[in-house]
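In what follows, a single structure is set out as structure tokens and then discussed.
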Amino acid sequence: MKAGFFERVYDAVRAIPKGRVLTYGQIARLLGTPRGARAVGWALRVLPKKLSHSVPWHRVVGAGGRISPRAGFGPLVQKKRLRAEGVRFRGEKVDVGRHGVAT
DNA sequence: CAAGTGACGTAGA
DNA sequence: GTCTACGCCACTT
């Protein structure tokens, strides 16, 4: 697997503290590619199920805490998981004002 | 090497 | 507030 960037994404997601959520753009920025949000989402898209239980992909959301309609096994599942982590929701979006790094 | 794709992001209407 | 269009990066074929 030469997918170094991908591993980089997995590592970043894995480093997400519980009760906190990050956006693709935010992760991409941490990796050094502020415009590589798509590449980040792609990394999670090809995320092997083997790692799906090791990588809290459900803590990764879109800008503003929006959940994409193509999320993992279903955006509903992700939302439920986030709630189980203690994350509050604002309608269909994550309460970024509390968990989102975005102030 | 070139083209296509994709869990995105921002700007404009 | 919602939808559309373009641009960005990385990976596959």
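Owing to the predicted nature of the structure, the values given are computational and were not obtained by experimental measurement. Throughout, a chain's letter reflects where its sequence line sits, starting with A, and its residues are numbered from 1.
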Counting distance only, does the side-chain N/O of Arg59(A) pair as donor-acceptor with the main-chain N or O of Ile16(A) below 3.5 Å? yes

Sidechain-backbone polar pair: His58(A) side chain, Leu82(A) backbone, donor-acceptor under 3.5 Å: no

Rounded to whole Å, please give me the gap between CZ in Phe5(A) and P in dC8(C). 16 Å

Base versus backbone protein contacts along nucleotides 5-13 of chain B [heavy-atom cut-off under 4.0 Å; B, S, -]: BBBBSS---

Is there a donor-acceptor pair under 3.5 Å between the side chain of Gln78(A) and the backbone N or O of Val60(A)? yes

Can you tell me how far P of dG1(C) sits from CD of Glu92(A), to the nearest Å? 15 Å

Ignoring hydrogens, what is the shortest heavy-atom contact between Ala28(A) and Ala37(A)? Give both atom names and the distance. CB-N, 3.6 Å

How close do Val13(A) and Pro56(A) get, heavy atom to heavy atom, and via which atoms? O-CG, 3.2 Å

